[in-house]
Chemist: 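Sharing a structure with you now.
As a basis for the values below, the full set of heavy atoms in this structure was taken, side chains included, without hydrogen atoms, waters or symmetry mates.
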Amino acid sequence: MFDIDRWIEIWVTITRNKTRSLLTCFGVFWGILMLVILLGSGKGMKNGVLGGFEGFATNSIFFYADRTSEPYKGFNKGRWWSMRNRDIESILRNVDGIEHLSPIIWGARGEKNIVFGQMTGTFNVKGVMPGFFQIERQDVYYGRLLNDIDTQEKRKVCLIGVKVNETLFHNDDPCGKFIRVNGLYYQVVGVVKAKSSNINIGGRSEESVFLPFTTLQQSMNQGDIFHFMGLSIHRDFPVQSVIDEISAILKMQNEIAPEDPQAVGVVNLAAQFSTFEMLFTGIDLLVWLVGMGTLLAGIIGVSNIMMVTVRERTKEIGVRRALGAKPFNIISQVMSESLLLTALAGLMGLSLGVFLLDLVSRMLAAQPAEDSNTFFTNPEVSIQTAVAATVVLLFSGLLAGLIPAWRAMQIKAIDAIREE
(Lines give C-alpha, C1' and ligand atoms only; values in the text may rest on other atoms or scores of the structure.)
Protein backbone atom coordinates (compact mmCIF):
# COMPACT_ATOMS: atom_id res chain seq x y z
CA MET A 1 0.00 0.00 0.00
CA PHE A 2 1.30 3.47 -0.94
CA ASP A 3 2.60 5.28 2.18
CA ILE A 4 2.55 9.03 1.48
CA ASP A 5 4.12 9.85 4.84
CA ARG A 6 7.20 7.76 4.07
CA TRP A 7 7.74 9.48 0.70
CA ILE A 8 7.30 12.91 2.32
CA GLU A 9 9.94 11.91 4.87
CA ILE A 10 12.26 10.76 2.09
CA TRP A 11 11.76 14.03 0.21
CA VAL A 12 12.50 16.08 3.31
CA THR A 13 15.65 14.06 3.92
CA ILE A 14 16.82 14.63 0.35
CA THR A 15 16.21 18.38 0.51
CA ARG A 16 18.19 18.80 3.73
CA ASN A 17 21.36 19.13 1.70
CA LYS A 18 20.35 20.70 -1.60
CA THR A 19 23.88 21.10 -2.93
CA ARG A 20 24.71 17.45 -2.41
CA SER A 21 21.42 16.33 -3.95
CA LEU A 22 21.93 18.58 -6.98
CA LEU A 23 25.43 17.21 -7.55
CA THR A 24 24.11 13.67 -7.27
CA CYS A 25 21.28 14.37 -9.70
CA PHE A 26 23.58 16.06 -12.20
CA GLY A 27 25.73 12.93 -12.66
CA VAL A 28 22.70 10.75 -13.47
CA PHE A 29 21.06 13.51 -15.52
CA TRP A 30 24.18 13.92 -17.66
CA GLY A 31 24.62 10.16 -18.06
CA ILE A 32 21.08 9.50 -19.34
CA LEU A 33 21.16 12.65 -21.49
CA MET A 34 24.35 11.49 -23.21
CA LEU A 35 22.92 7.99 -23.70
CA VAL A 36 19.76 9.33 -25.36
CA ILE A 37 21.63 11.79 -27.60
CA LEU A 38 24.14 9.14 -28.69
CA LEU A 39 21.38 6.63 -29.45
CA GLY A 40 19.38 9.24 -31.35
CA SER A 41 22.44 10.37 -33.31
CA GLY A 42 23.26 6.78 -34.25
CA LYS A 43 19.68 6.32 -35.43
CA GLY A 44 19.88 9.56 -37.42
CA MET A 45 23.03 8.37 -39.17
CA LYS A 46 21.41 5.02 -39.95
CA ASN A 47 18.28 6.73 -41.28
CA GLY A 48 20.38 9.02 -43.45
CA VAL A 49 22.59 6.35 -44.99
CA LEU A 50 20.02 3.57 -45.44
CA GLY A 51 17.27 6.06 -46.31
CA GLY A 52 19.20 6.92 -49.46
CA PHE A 53 18.72 3.29 -50.55
CA GLU A 54 15.01 3.23 -49.79
CA GLY A 55 13.08 1.47 -52.53
CA PHE A 56 16.10 -0.37 -53.89
CA ALA A 57 16.00 -4.14 -53.40
CA THR A 58 18.50 -4.95 -50.68
CA ASN A 59 18.57 -8.60 -51.75
CA SER A 60 19.73 -7.83 -55.31
CA ILE A 61 22.72 -8.96 -57.36
CA PHE A 62 23.86 -7.97 -60.87
CA PHE A 63 25.82 -9.74 -63.60
CA TYR A 64 27.75 -8.41 -66.56
CA ALA A 65 30.10 -9.84 -69.18
CA ASP A 66 33.84 -9.16 -68.82
CA ARG A 67 36.93 -10.38 -70.65
CA THR A 68 37.92 -13.98 -70.13
CA SER A 69 41.12 -14.58 -68.21
CA GLU A 70 41.57 -18.26 -69.11
CA PRO A 71 41.84 -19.99 -72.54
CA TYR A 72 39.08 -22.54 -73.14
CA LYS A 73 37.98 -24.83 -76.00
CA GLY A 74 40.23 -23.15 -78.54
CA PHE A 75 39.40 -19.58 -77.44
CA ASN A 76 42.27 -17.39 -76.28
CA LYS A 77 42.12 -15.55 -73.00
CA GLY A 78 41.06 -11.91 -73.21
CA ARG A 79 38.01 -12.75 -75.35
CA TRP A 80 34.95 -10.53 -75.15
CA TRP A 81 31.60 -12.30 -74.88
CA SER A 82 27.97 -11.26 -74.40
CA MET A 83 25.02 -12.54 -72.41
CA ARG A 84 22.08 -13.71 -74.55
CA ASN A 85 18.35 -14.29 -74.15
CA ARG A 86 18.89 -18.05 -73.89
CA ASP A 87 20.87 -17.43 -70.69
CA ILE A 88 17.79 -15.90 -69.05
CA GLU A 89 15.63 -18.88 -69.98
CA SER A 90 18.19 -21.33 -68.61
CA ILE A 91 18.65 -19.38 -65.37
CA LEU A 92 14.91 -19.12 -64.70
CA ARG A 93 14.52 -22.84 -65.44
CA ASN A 94 17.41 -24.14 -63.33
CA VAL A 95 18.02 -21.70 -60.46
CA ASP A 96 15.77 -21.58 -57.41
CA GLY A 97 15.34 -18.54 -55.21
CA ILE A 98 14.98 -15.85 -57.90
CA GLU A 99 12.28 -13.33 -56.98
CA HIS A 100 12.52 -10.83 -59.86
CA LEU A 101 14.80 -10.72 -62.90
CA SER A 102 15.40 -8.22 -65.68
CA PRO A 103 18.01 -8.10 -68.43
CA ILE A 104 19.05 -4.55 -69.27
CA ILE A 105 20.26 -3.12 -72.55
CA TRP A 106 21.70 0.37 -72.94
CA GLY A 107 20.59 2.52 -75.84
CA ALA A 108 22.97 4.93 -77.55
CA ARG A 109 23.29 8.26 -75.75
CA GLY A 110 24.16 10.76 -78.44
CA GLU A 111 23.95 14.54 -78.32
CA LYS A 112 20.31 15.62 -77.97
CA ASN A 113 19.06 12.07 -78.51
CA ILE A 114 15.56 12.75 -77.09
CA VAL A 115 13.25 15.08 -79.04
CA PHE A 116 9.69 16.39 -78.69
CA GLY A 117 8.73 19.13 -81.12
CA GLN A 118 11.27 21.89 -80.70
CA MET A 119 12.43 20.61 -77.31
CA THR A 120 15.52 18.38 -77.16
CA GLY A 121 17.75 16.81 -74.52
CA THR A 122 20.49 14.28 -73.93
CA PHE A 123 19.41 11.46 -71.65
CA ASN A 124 20.04 7.79 -70.82
CA VAL A 125 18.11 5.13 -72.72
CA LYS A 126 17.47 1.77 -71.06
CA GLY A 127 15.67 -1.32 -72.27
CA VAL A 128 14.23 -3.25 -69.31
CA MET A 129 11.68 -5.89 -68.35
CA PRO A 130 8.95 -5.24 -65.75
CA GLY A 131 11.02 -7.02 -63.08
CA PHE A 132 13.43 -4.07 -63.19
CA PHE A 133 10.88 -1.90 -61.39
CA GLN A 134 10.80 -4.38 -58.49
CA ILE A 135 14.57 -4.06 -58.11
CA GLU A 136 14.90 -0.29 -58.55
CA ARG A 137 11.46 0.83 -57.42
CA GLN A 138 9.99 4.01 -58.86
CA ASP A 139 7.54 6.69 -57.81
CA VAL A 140 5.02 7.09 -60.63
CA TYR A 141 4.03 10.72 -61.24
CA TYR A 142 1.87 10.19 -64.33
CA GLY A 143 0.57 7.10 -66.12
CA ARG A 144 1.90 3.60 -65.44
CA LEU A 145 4.97 1.40 -65.51
CA LEU A 146 5.97 -0.89 -68.36
CA ASN A 147 4.29 -4.31 -68.18
CA ASP A 148 4.61 -7.84 -69.56
CA ILE A 149 2.34 -7.12 -72.53
CA ASP A 150 4.60 -4.24 -73.61
CA THR A 151 7.52 -6.69 -73.58
CA GLN A 152 5.75 -9.57 -75.31
CA GLU A 153 4.26 -7.45 -78.11
CA LYS A 154 7.37 -5.28 -78.47
CA ARG A 155 5.28 -2.15 -78.13
CA LYS A 156 6.78 1.21 -79.02
CA VAL A 157 6.03 2.80 -75.68
CA CYS A 158 8.29 4.39 -73.08
CA LEU A 159 8.60 5.76 -69.57
CA ILE A 160 10.41 9.03 -68.99
CA GLY A 161 12.08 10.40 -65.87
CA VAL A 162 10.96 13.59 -64.18
CA LYS A 163 13.95 15.55 -65.54
CA VAL A 164 13.09 14.42 -69.07
CA ASN A 165 9.50 15.48 -68.46
CA GLU A 166 10.66 18.87 -67.18
CA THR A 167 12.85 19.45 -70.25
CA LEU A 168 10.41 18.27 -72.91
CA PHE A 169 6.96 18.92 -71.41
CA HIS A 170 7.58 21.49 -68.64
CA ASN A 171 6.21 19.04 -66.03
CA ASP A 172 2.81 18.68 -67.75
CA ASP A 173 1.18 15.27 -68.18
CA PRO A 174 2.91 13.76 -71.25
CA CYS A 175 1.01 10.46 -71.39
CA GLY A 176 -0.19 9.64 -74.91
CA LYS A 177 2.29 11.97 -76.61
CA PHE A 178 5.11 10.75 -78.84
CA ILE A 179 8.81 11.50 -78.41
CA ARG A 180 11.70 10.65 -80.70
CA VAL A 181 14.34 8.44 -79.10
CA ASN A 182 17.47 7.94 -81.21
CA GLY A 183 15.49 8.61 -84.36
CA LEU A 184 12.43 6.42 -83.59
CA TYR A 185 9.08 7.48 -82.14
CA TYR A 186 7.67 6.06 -78.91
CA GLN A 187 4.47 6.86 -77.02
CA VAL A 188 4.92 8.07 -73.45
CA VAL A 189 2.94 5.97 -70.95
CA GLY A 190 4.32 7.28 -67.66
CA VAL A 191 6.66 9.58 -65.72
CA VAL A 192 8.83 8.13 -62.94
CA LYS A 193 11.51 8.90 -60.39
CA ALA A 194 13.50 6.32 -58.43
CA LYS A 195 12.71 6.05 -54.72
CA SER A 196 16.41 5.58 -53.97
CA SER A 197 18.61 8.68 -54.12
CA ASN A 198 22.01 7.09 -53.48
CA ILE A 199 22.09 4.18 -55.91
CA ASN A 200 20.94 3.54 -59.48
CA ILE A 201 21.44 1.17 -62.38
CA GLY A 202 23.08 2.75 -65.39
CA GLY A 203 22.24 6.36 -64.57
CA ARG A 204 19.62 8.24 -62.58
CA SER A 205 16.09 7.26 -63.54
CA GLU A 206 14.88 10.88 -63.55
CA GLU A 207 17.31 11.50 -66.43
CA SER A 208 16.42 8.31 -68.32
CA VAL A 209 13.99 6.98 -70.90
CA PHE A 210 12.83 3.39 -70.33
CA LEU A 211 11.78 1.20 -73.26
CA PRO A 212 10.51 -2.41 -73.27
CA PHE A 213 13.55 -4.68 -73.37
CA THR A 214 12.45 -6.55 -76.51
CA THR A 215 11.58 -3.32 -78.32
CA LEU A 216 14.99 -1.73 -77.80
CA GLN A 217 16.78 -5.00 -78.51
CA GLN A 218 15.03 -5.20 -81.87
CA SER A 219 15.49 -1.55 -82.78
CA MET A 220 19.24 -1.76 -82.12
CA ASN A 221 19.57 -4.78 -84.44
CA GLN A 222 21.78 -6.62 -81.97
CA GLY A 223 19.98 -9.95 -82.12
CA ASP A 224 19.51 -11.50 -78.69
CA ILE A 225 22.43 -9.79 -76.92
CA PHE A 226 21.98 -7.78 -73.73
CA HIS A 227 24.46 -5.89 -71.54
CA PHE A 228 23.49 -6.32 -67.91
CA MET A 229 21.28 -8.52 -65.76
CA GLY A 230 19.75 -7.65 -62.41
CA LEU A 231 17.81 -9.91 -60.11
CA SER A 232 16.53 -10.08 -56.55
CA ILE A 233 16.58 -13.18 -54.38
CA HIS A 234 14.02 -14.52 -51.94
CA ARG A 235 15.01 -13.76 -48.35
CA ASP A 236 15.41 -17.37 -47.26
CA PHE A 237 17.87 -18.33 -50.02
CA PRO A 238 21.68 -18.07 -49.61
CA VAL A 239 22.96 -15.31 -51.90
CA GLN A 240 26.35 -16.86 -52.64
CA SER A 241 24.77 -20.15 -53.67
CA VAL A 242 22.58 -18.38 -56.23
CA ILE A 243 25.58 -16.41 -57.55
CA ASP A 244 27.58 -19.62 -58.00
CA GLU A 245 24.74 -21.36 -59.84
CA ILE A 246 24.12 -18.45 -62.23
CA SER A 247 27.85 -17.97 -62.89
CA ALA A 248 28.18 -21.67 -63.73
CA ILE A 249 25.28 -21.50 -66.21
CA LEU A 250 26.65 -18.39 -67.92
CA LYS A 251 30.10 -19.96 -68.26
CA MET A 252 28.76 -23.25 -69.55
CA GLN A 253 26.51 -21.68 -72.20
CA ASN A 254 29.11 -19.20 -73.43
CA GLU A 255 32.18 -21.44 -73.69
CA ILE A 256 34.00 -20.00 -70.68
CA ALA A 257 36.39 -21.94 -68.46
CA PRO A 258 34.58 -22.99 -65.23
CA GLU A 259 37.50 -21.77 -63.11
CA ASP A 260 37.73 -18.37 -64.85
CA PRO A 261 37.45 -15.78 -62.01
CA GLN A 262 37.04 -12.71 -64.22
CA ALA A 263 34.74 -13.46 -67.16
CA VAL A 264 31.47 -13.16 -65.23
CA GLY A 265 31.32 -9.87 -63.36
CA VAL A 266 29.16 -9.76 -60.24
CA VAL A 267 27.91 -6.83 -58.17
CA ASN A 268 26.61 -8.26 -54.90
CA LEU A 269 24.51 -5.51 -53.33
CA ALA A 270 22.93 -8.00 -50.93
CA ALA A 271 26.33 -8.49 -49.28
CA GLN A 272 26.96 -4.74 -49.16
CA PHE A 273 23.61 -4.08 -47.49
CA SER A 274 24.34 -6.86 -45.01
CA THR A 275 27.66 -5.15 -44.23
CA PHE A 276 25.81 -1.86 -43.62
CA GLU A 277 23.44 -3.59 -41.20
CA MET A 278 26.35 -5.13 -39.30
CA LEU A 279 28.12 -1.77 -39.20
CA PHE A 280 25.15 0.02 -37.66
CA THR A 281 24.58 -2.85 -35.23
CA GLY A 282 28.18 -2.34 -34.10
CA ILE A 283 27.60 1.41 -33.79
CA ASP A 284 24.51 0.76 -31.65
CA LEU A 285 26.49 -1.53 -29.34
CA LEU A 286 29.29 1.04 -29.06
CA VAL A 287 26.80 3.79 -28.27
CA TRP A 288 25.20 1.67 -25.55
CA LEU A 289 28.64 0.91 -24.06
CA VAL A 290 29.68 4.57 -24.03
CA GLY A 291 26.29 5.74 -22.76
CA MET A 292 26.15 3.08 -20.07
CA GLY A 293 29.67 3.99 -19.00
CA THR A 294 28.62 7.62 -18.57
CA LEU A 295 25.49 6.56 -16.71
CA LEU A 296 27.52 4.23 -14.50
CA ALA A 297 29.71 7.13 -13.44
CA GLY A 298 26.58 8.97 -12.32
CA ILE A 299 25.26 5.90 -10.49
CA ILE A 300 28.56 5.49 -8.63
CA GLY A 301 28.22 9.13 -7.60
CA VAL A 302 24.74 8.43 -6.23
CA SER A 303 26.05 5.43 -4.31
CA ASN A 304 28.90 7.45 -2.80
CA ILE A 305 26.58 10.25 -1.75
CA MET A 306 24.21 7.75 -0.15
CA MET A 307 27.15 6.24 1.74
CA VAL A 308 28.00 9.70 3.12
CA THR A 309 24.34 10.25 3.97
CA VAL A 310 24.16 6.95 5.85
CA ARG A 311 27.32 7.85 7.81
CA GLU A 312 25.94 11.27 8.76
CA ARG A 313 22.68 9.68 9.92
CA THR A 314 24.32 6.94 11.98
CA LYS A 315 22.86 8.20 15.24
CA GLU A 316 19.38 8.60 13.74
CA ILE A 317 19.49 5.07 12.34
CA GLY A 318 20.69 3.70 15.70
CA VAL A 319 17.85 5.41 17.57
CA ARG A 320 15.32 4.01 15.11
CA ARG A 321 16.82 0.54 15.51
CA ALA A 322 16.64 0.90 19.32
CA LEU A 323 12.99 1.93 19.11
CA GLY A 324 12.18 -1.23 17.15
CA ALA A 325 12.48 -0.24 13.52
CA LYS A 326 12.56 -3.35 11.36
CA PRO A 327 15.49 -3.97 8.98
CA PHE A 328 13.10 -3.59 6.04
CA ASN A 329 12.24 -0.04 7.15
CA ILE A 330 15.90 1.02 7.19
CA ILE A 331 16.75 -0.69 3.89
CA SER A 332 13.64 0.59 2.11
CA GLN A 333 14.26 4.18 3.17
CA VAL A 334 17.87 4.22 1.93
CA MET A 335 17.01 2.48 -1.35
CA SER A 336 13.93 4.66 -1.84
CA GLU A 337 16.04 7.80 -1.51
CA SER A 338 18.50 6.41 -4.05
CA LEU A 339 15.71 5.40 -6.43
CA LEU A 340 13.97 8.78 -6.16
CA LEU A 341 17.17 10.72 -6.84
CA THR A 342 18.05 8.53 -9.79
CA ALA A 343 14.54 8.50 -11.27
CA LEU A 344 14.05 12.27 -11.04
CA ALA A 345 17.42 13.10 -12.59
CA GLY A 346 17.20 10.34 -15.18
CA LEU A 347 13.71 11.16 -16.40
CA MET A 348 14.67 14.82 -16.70
CA GLY A 349 17.70 13.83 -18.79
CA LEU A 350 15.58 11.48 -20.90
CA SER A 351 12.98 14.20 -21.54
CA LEU A 352 15.59 16.82 -22.44
CA GLY A 353 17.38 14.36 -24.76
CA VAL A 354 14.17 13.52 -26.62
CA PHE A 355 13.33 17.23 -26.87
CA LEU A 356 16.75 18.09 -28.34
CA LEU A 357 16.56 15.24 -30.86
CA ASP A 358 13.10 16.35 -31.94
CA LEU A 359 14.35 19.93 -32.30
CA VAL A 360 17.26 18.82 -34.52
CA SER A 361 14.91 16.63 -36.57
CA ARG A 362 12.56 19.55 -37.18
CA MET A 363 15.47 21.80 -38.20
CA LEU A 364 16.72 19.20 -40.70
CA ALA A 365 13.21 18.68 -42.10
CA ALA A 366 12.84 22.44 -42.62
CA GLN A 367 15.91 22.59 -44.88
CA PRO A 368 15.34 22.80 -48.65
CA ALA A 369 15.64 19.41 -50.38
CA GLU A 370 18.74 20.46 -52.33
CA ASP A 371 20.51 21.55 -49.11
CA SER A 372 19.48 18.63 -46.93
CA ASN A 373 22.10 16.32 -45.43
CA THR A 374 21.43 12.85 -46.82
CA PHE A 375 23.82 11.22 -44.32
CA PHE A 376 21.99 12.35 -41.18
CA THR A 377 18.25 12.60 -40.99
CA ASN A 378 15.42 12.19 -38.48
CA PRO A 379 17.44 11.47 -35.31
CA GLU A 380 15.08 9.76 -32.91
CA VAL A 381 14.76 7.37 -30.00
CA SER A 382 12.14 4.67 -30.39
CA ILE A 383 9.63 3.98 -27.63
CA GLN A 384 11.28 0.59 -27.09
CA THR A 385 14.65 2.26 -26.53
CA ALA A 386 13.11 4.83 -24.18
CA VAL A 387 11.46 2.07 -22.14
CA ALA A 388 14.73 0.11 -22.06
CA ALA A 389 16.62 3.21 -20.88
CA THR A 390 14.01 3.81 -18.16
CA VAL A 391 14.23 0.21 -16.94
CA VAL A 392 18.05 0.44 -16.84
CA LEU A 393 17.75 3.74 -14.98
CA LEU A 394 15.42 2.38 -12.29
CA PHE A 395 17.47 -0.76 -11.86
CA SER A 396 20.61 1.36 -11.52
CA GLY A 397 18.89 3.49 -8.87
CA LEU A 398 18.11 0.41 -6.80
CA LEU A 399 21.62 -0.91 -7.33
CA ALA A 400 23.13 2.40 -6.22
CA GLY A 401 21.26 2.20 -2.92
CA LEU A 402 22.05 -1.46 -2.27
CA ILE A 403 25.52 -1.01 -0.73
CA PRO A 404 24.57 2.02 1.41
CA ALA A 405 21.49 0.10 2.62
CA TRP A 406 23.66 -2.87 3.56
CA ARG A 407 26.02 -0.47 5.36
CA ALA A 408 23.10 0.99 7.29
CA MET A 409 22.05 -2.48 8.41
CA GLN A 410 25.51 -3.10 9.87
CA ILE A 411 25.08 -0.23 12.32
CA LYS A 412 24.46 -1.50 15.85
CA ALA A 413 22.03 0.47 17.93
CA ILE A 414 24.29 0.82 20.97
CA ASP A 415 27.28 1.98 18.89
CA ALA A 416 25.16 4.47 16.96
CA ILE A 417 23.75 6.05 20.13
CA ARG A 418 27.25 6.52 21.55
CA GLU A 419 28.50 8.26 18.38
CA GLU A 420 28.89 11.99 18.58
Chemist: Output the distance between atom CZ (F213) and atom CG (N85), rounded to the nearest 0.5 Å.
Modeler: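 Those atoms lie 4.5 Å apart.
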Chemist: Counting N and O atoms only, with roles assigned by atom type, does the side chain of S60 sit under 3.5 Å from a partner on the main chain of A57, one being a donor and the other an acceptor?
Modeler: yes
Chemist: I want to check something: taking the side chain as every heavy atom from C-beta on, are W288 and L35 in contact at a cut-off of under 4.5 Å?
Modeler: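 Yes, side chains in contact.
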Chemist: If I take atom OG1 from residue T214 and atom CE from residue M129, how far apart are they, to the nearest 0.5 angstrom?
Modeler: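 If we round to the nearest 0.5 Å, T214:OG1 and M129:CE are 7.0 Å apart.
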Chemist: Measure from the side-chain N and O atoms of K46 to the backbone N and O of I283, and report whether any donor-acceptor pair falls under 3.5 Å.
Modeler: no
Chemist: Is the closest side-chain heavy-atom distance between I114 and V125 below 4.5 Å?
Modeler: yes
Chemist: Hey, does the side chain of E136 reach the backbone of I201 with a donor-acceptor pair shorter than 3.5 angstrom?
Modeler: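 Flag set: sc E136 to bb I201 pair under 3.5 Å.
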Chemist: With rounding to the nearest 0.5 angstrom, report the OG to CG distance, S196 to D139.
Modeler: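 S196 atom OG to D139 atom CG measures 11.0 Å (nearest 0.5 Å).
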Chemist: Students often mix this up, so state it plainly: with edges at 30° and 60°, are the rings of F62 and F56 parallel, tilted or perpendicular?
Modeler: tilted
Chemist: If you draw a 6.0 Å radius around NZ in K163, do more than 12 non-hydrogen atoms from other residues or ligands fall strictly inside?
Modeler: no
Chemist: Between the side chains of Q240 and D244, is a donor N or O closer than 3.5 angstrom to an acceptor N or O?
Modeler: yes
Chemist: Quick test of your reading: applying ring-ring contact (aromatic ring centres under 6.0 Å, His included), list the pairs with at least one residue in residues 108-131, sequence neighbours left out, ordered by first then second residue.
Modeler: F116-F169
Chemist: Write down the atom of D148, the atom of P130, and the distance for their closest heavy-atom approach.
Modeler: OD1-CG, 3.3 Å
Chemist: Look only at the side chain of D150 and the backbone of N147, and say whether a donor-acceptor pair between them is shorter than 3.5 Å.
Modeler: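 Pair found, side chain donor or acceptor close to backbone of N147.
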Chemist: Give, for atom CE of M229 and atom CD1 of I91, the distance between the pair rounded to the nearest 0.5 Å.
Modeler: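 Spacing of CE (M229) from CD1 (I91) equals 3.5 Å.
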Chemist: Just checking, is any N or O donor in the side chain of Q134 or S232 under 3.5 Å from an acceptor N or O on the other one?
Modeler: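 On atom types as modelled, these side chains do not qualify, holding no pair under 3.5 Å.
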Chemist: Are the aromatic ring centres of F210 and F132 under 6.0 angstrom apart?
Modeler: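 Yes, close enough.
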Chemist: For the backbone of H234 and the side chain of E99, can you confirm whether one donor and one acceptor N or O come within less than 3.5 Å of each other?
Modeler: no
Chemist: Hey, mind stepping through L145 and L159 against side chain to side chain contact (heavy atoms under 4.5 Å, CB included) and telling me if it holds?
Modeler: CA-CA 7 Å; L145 298 172; L159 289 176; 3.9 Å; yes
Chemist: N171 and Y142: which non-hydrogen atoms are nearest, and at how many Å?
Modeler: O-OH, 3.1 Å
Chemist: For the atom pair CH2 (W80) and CZ (R67), what is the distance rounded to the nearest 0.5 Å?
Modeler: 5.0 Å
Chemist: Could you check M363 against L359 for side chain to side chain contact (heavy atoms under 4.5 Å, CB included), going step by step and ending with a plain yes or no?
Modeler: CA-CA 6 Å; M363 291 172 62; L359 182 63; 4.3 Å; yes
Chemist: Does any part of the side chain of V157, heavy atoms only, come nearer than 4.5 Å to the side chain of L146, both counted from C-beta?
Modeler: yes
Chemist: Contact between S361 and P379 at the side-chain level, heavy atoms closer than 4.5 Å - yes or no?
Modeler: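 They are in side-chain contact.
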Chemist: Any non-hydrogen side-chain atom of V95 less than 4.5 Å from a side-chain atom of F237?
Modeler: no
Chemist: Atom CG of L92 and atom CD1 of I246: how far apart are they, to the nearest 0.5 Å?
Modeler: 9.0 Å
Chemist: Side-chain contact test, heavy atoms from C-beta onward, threshold under 4.5 Å: evaluate it for F133 versus H100 and give yes or no.
Modeler: no
Chemist: When you measure from the side chain of W81 to the backbone N and O of D66, does any donor-acceptor pair fall under 3.5 Å?
Modeler: yes
Chemist: Can you give me the closest heavy-atom contact between I256 and A263, atom names plus distance?
Modeler: CG2-CB, 3.6 Å
Chemist: If we ignore hydrogens and angles and just use 3.5 Å, is the side chain of S247 paired with the main-chain N or O of I243 as donor and acceptor?
Modeler: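 Yes, because the side chain of S247 sits within donor-acceptor range (under 3.5 Å) of the backbone of I243.
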Chemist: Could you walk me through whether R155 and Q187 pass the side chain to side chain contact (heavy atoms under 4.5 Å, CB included) test, one step at a time?
Modeler: CA-CA 9 Å; R155 289 178 173 176; Q187 186 179 35; over 6 Å; no
Chemist: Under a 3.5 Å cutoff, is there a donor and acceptor pairing between the side chains of R235 and T58?
Modeler: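 Per modelled atom types, R235 and T58 side chains form a pair under 3.5 Å.
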Chemist: State, yes or no, whether a side-chain contact exists between I199 and L269 at a heavy-atom distance under 4.5 Å.
Modeler: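 Yes, side chains in contact.
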Chemist: After noting the C-alpha distance and the side-chain angles of K43 and L357, does the key distance pass the side chain to side chain contact (heavy atoms under 4.5 Å, CB included) rule?
Modeler: CA-CA 11 Å; K43 185 66 173 179; L357 290 175; over 6 Å; no
Chemist: Quick one: sort the F273 and F276 rings into parallel, tilted or perpendicular, breaks at 30° and 60°.
Modeler: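 Ring orientation of F273 relative to F276: tilted.
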Chemist: Taking C-beta and beyond as the side chain, do F63 and V266 meet within less than 4.5 Å on heavy atoms?
Modeler: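 SC-SC contact between F63 and V266 confirmed.
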Chemist: Using every non-hydrogen atom in the two residues, find where E207 and V164 come nearest and quote the distance to one decimal.
Modeler: C-CG2, 4.0 Å
Chemist: Listed by chain and number, what are the side-chain hydrogen bond (donor to acceptor under 3.5 Å, both in side chains) partners of R93, not counting sequence neighbours?
Modeler: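 R93 satisfies side-chain hydrogen bond (donor to acceptor under 3.5 Å, both in side chains) with no other residue.
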Chemist: For V239 and A270, which heavy atoms make the closest approach, and how far apart are they?
Modeler: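 Looking at all heavy atoms of both residues, the closest pair is CG2-CB, 3.9 Å.
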Chemist: Provide the closest heavy-atom pair for S205 versus K193 in the form atom of the first, atom of the second, distance.
Modeler: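 Residues S205 and K193, closest heavy atoms: OG-C, 3.6 Å.
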Chemist: Would the distance check show the side chain of S102 and the main-chain N or O of G131 forming a donor-acceptor pair, the cut-off being under 3.5 Å?
Modeler: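 No.
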Chemist: Will you find, in the side chains of D260 and S69, an N or O donor that is under 3.5 Å from an N or O acceptor?
Modeler: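 A pair is found: one side chain offers a donor N or O, the other an acceptor, under 3.5 Å apart.
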